[in-house]
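Quick notes on the structure that follows.
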Amino acid sequence: MESQQSHNKLHVVFLPFPTPGHMIPMIDTARLFAMHGVNVTIIATHANASTFQKSIDSDFNSGYSIKTHLIQFPSAQVGLPDGVENMKDGISFEILGKITRAIIMLQNPIEILFQDLQPDCIVTDMSYPWTVEAAAKLGIPRIHYYSSSYFSNCVAHLIMKYRPNDNLVSDTQKFTIPCFPHTIEMTPLQLPDWLHAKNPAAAYFEPMFESEKRSYGTLYNSFHELESDYEKLSNTTMGIKTWSVGPVSAWTNKDGEKKAKRGHIEELGKEEEWLNWLNSKQNESVLYVSFGSLVRFPHAQLVEIAHGLENSGQNFIWVIKKYDKDEDGEGFLQEFEERLKESKKGYIIWNWASQLLILDHPATGGIVTHCGWNSILESVNSGLPMITWPVFAEQFYNEKLLVDVLKIGVPVGAKENNLWININVEKVVRREDIVKAVKILMGSDQESKEMRMRAKKLGDASKRTIEEGGDSYNNLIQLIDELKSLKKSKALGVKAD
Ligand SMILES: O=c1ccn([C@@H]2O[C@H](COP(=O)(O)OP(=O)(O)O[C@H]3O[C@H](CO)[C@@H](O)[C@H](O)[C@H]3O)[C@@H](O)[C@H]2O)c(=O)[nH]1
C-alpha cells in the first residue's frame, strides 16, 4: 500500500551543476519540494553529495521522501585525483579544463539514469542544455533552473538579441540595456567574454540560454518584491514562464544548526572562536567580507583589501581561501592576522565560513560581496546593505540591480569582468577606494541611514514571502500542483491509448 502511494506521488529529479553557487540553492530547492510532499531524487557524484548528504538525511528522518542517486565522476579518465569534482577545486586552468571535460562525459550515464528513474519532471541546472532533448524523449517537462537574478537573465537575453555592445568605439563606452524599465548603463568591459562580438566561447554559452526557451519554464531563487519589474519582463516581453520561490535558503535553513551545517562543512573553521569575537562587538558594527566560492584574487589585491579594511577603522570578518594562505610567500597574510589578534578589529576565517550564521548575527551591519546571487539574496534576507565588488560572469549585472534599482549597494569601483582565476593584476581595486565605500556603507549621514532602512525593509519582505500566503510560498504550491496535473493528464493519455 505504502509503495503504491509513493509510486503515485509526483517524482521530481534534480540535476545540480557542481559548483557551490549553483548546487547549494538547488539542493535547498529540492528539499523544499520534498517538504511539500514530492518524491525527490537528487543526482550527484560522491564528493559533491558529501557536502549536502547530512541535510538530506535529516530531512529523510523527518519523514520527507528525498534521496541522492550517486554517479561516478570520471576522475581517472581525465587525469584528476579522487575527490576533485567541483568547479571550486579548479584553481588552475589545467584542473578547471579537466573538471569541465569530466562533467561533459556525465551526459551519457545521466541520460541512461533518467530512463531508469522514469521521473515525472526534471529540474536541471541551466548548464545542461542537452536535458531538453532528454526530457522530450521521456515525454516529461524539463524545468530550467537559473541560479541567478531575473535581472541578470533579462540583461543576457536582451544583449544577445539586440547586440547593443557591438560596434562601439571603445571597451569603456557606455551603452544602455534595451527594453528595460530602468535606465541601466554598462560598458563592454563589464560583460563576460562570451558576450563580446564573435567570441568563440559563445558556442558554449548560447545553447544554455536557447535551452531555456525550449523548456517548460524557469525556476528562480528570487522573490516578487525584490525584482517584480524583471519577473514581469521575463514572463511577458520575453515570453518565458517562470516561478520565483526564494530565498530558498530561508525556507530550508531556519534553525541555527542547519545554517551552520550548510555547504562545505568539512572546511569550517573554529566556530566558537569567531562567534565569541562577533558576540563581543556592538550591534551592526561588523562588515562581513566574502567573495563567494570561486574568486581567486592576485596577492596584490589581497594586500590592498587588508590595508583598506584596516585603514577604514571598521570591525570586519574576512573569509580568505586556503590556497591564498598556502601561497602567502612572504607571510603578509599571516602577519596581518597576528596584528588583528592584537587590535581585535578584525577576524580572518580561512577557506569556508558559516555565512548564514554570520549574516544573521546582530553584530553584522553590512557585507562586501562579489555580487554572487546567493550571497546577495542571503544578505537581503538578513536586511543588510552591500559594498558591491563584481568580478566575473553576471556579477556586474547584479551590481546594477543593487546600486541603480534597489539602492542598497555602494560600488567599490570594480571596472572589468575577468575569469575568476585570471584576474588582471593591473586592475586591482585600491585601498583608498575600499575605505571610501566602507565609510559610505557604515556611515551615519542621512543617505547611509536611508540605504540601511531600505535594506531592512527588503529583509522583512524576504521573510514574509516564504511564509504561508506569501508570493514565493504560493508560487511553489502552484508549480507543484501544475506538475501533478500534468502527471495526471499523461497517465490518462496513456490509458486512452
Ligand atoms: O565561505 C563561504 C563561502 C560561500 N558560502 C556559500 O556559498 C554560496 C556562494 O554562492 P554565490 O554567493 O552566488 O557565489 P559564487 O560561488 O561565486 O556563485 C556562482 O554562482 C552564482 C549563482 O549562479 C552566480 O551568481 C555567481 O556569479 C557565480 O560565481 C553562498 O550560498 C554562500 O553562502 C559559504 O557558505 N561560505
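Ligands are counted one by one from 1 in listed order, and the atoms in each one are counted from 1 as well.
The cationic group of K241 does not satisfy the cation-pi geometry with W243, failing either the under 6.0 Å distance to the six-membered ring centre or the 45° limit from the ring axis.
Residue contact annotation: F392 has a non-hydrogen atom under 4.0 Å from ligand 1. At a 4.0 Å cut-off, not a single heavy atom of K88 sits close enough to ligand 1 to count as contact.
Checking G372, G21, S149, S147 against atom 9 (C) of ligand 1, the nearest heavy atom belongs to G21. Distances from atom 16 (O) of ligand 1 to the heavy atoms of S293, A393, S354 put S293 nearest. For atom 11 (P) of ligand 1, the nearest non-hydrogen atom from the set L377, I358, N374 belongs to N374. Between the choices V295, I24, I376, L294, the shortest heavy-atom distance to atom 8 (C) of ligand 1 belongs to I24. Distances from atom 5 (N) of ligand 1 to the heavy atoms of Y145, W350, W352 show the closest one on W352. The closest heavy-atom contact to atom 28 (C) of ligand 1, among the options Q355, M23, Q395, comes from Q395.
Checked against a 6.0 Å centroid threshold, the rings of Y288 and Y347 do not count as neighbours. The six-membered or imidazole ring of H307 lies near that of F332, with a centre-to-centre distance under 6.0 Å.
In terms of polar-atom proximity, P20 is not counted as a contact of ligand 1, lacking any N or O under 3.5 Å from an N or O of the ligand. Considering backbone and side-chain N/O of S290, none are found under 3.5 Å from N/O of ligand 1.
When the salt bridge (Lys or Arg N to Asp or Glu O under 4.0 Å) test is applied to E206, no partner is found at least two apart in sequence or on another chain.
Using the six-membered ring where Trp is involved, F180 and F151 have ring planes that are perpendicular, over 60° apart on the 30 and 60° scheme. Taking the six-membered ring where tryptophan is involved, the planes of F336 and W318 are perpendicular, since the angle between them exceeds 60° and thus also 30°.
Annotation: F60, atom CZ; neighbour count of heavy atoms from other residues, nucleotides and ligands within 6.0 Å does not exceed 12. Environment of NZ in K232: sparse, with no more than 12 heavy atoms of neighbouring residues, nucleotides or ligands closer than 6.0 Å.
The A353 neighbourhood of ligand 1 comprises atoms 1 (O), 2 (C), 34 (C), 35 (O), 36 (N), with distances under 4.0 Å to a heavy atom of that residue. For ligand 1 and H370, the ligand atoms under 4.0 Å from any heavy atom of the residue are 12 (O), 14 (O), 15 (P), 17 (O).
The proximity of V319 to ligand 1, defined as any non-hydrogen pair under 4.0 Å, is limited to the side chain.
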Under 3.5 Å, sequence neighbours excluded: what are the donor-acceptor pairs made by side chains of residues 98-106?
unit_1	atom_1	unit_2	atom_2	d
K98	NZ	G79	O	3.3
K98	NZ	E94	OE2	3.3
T100	OG1	L96	O	2.7

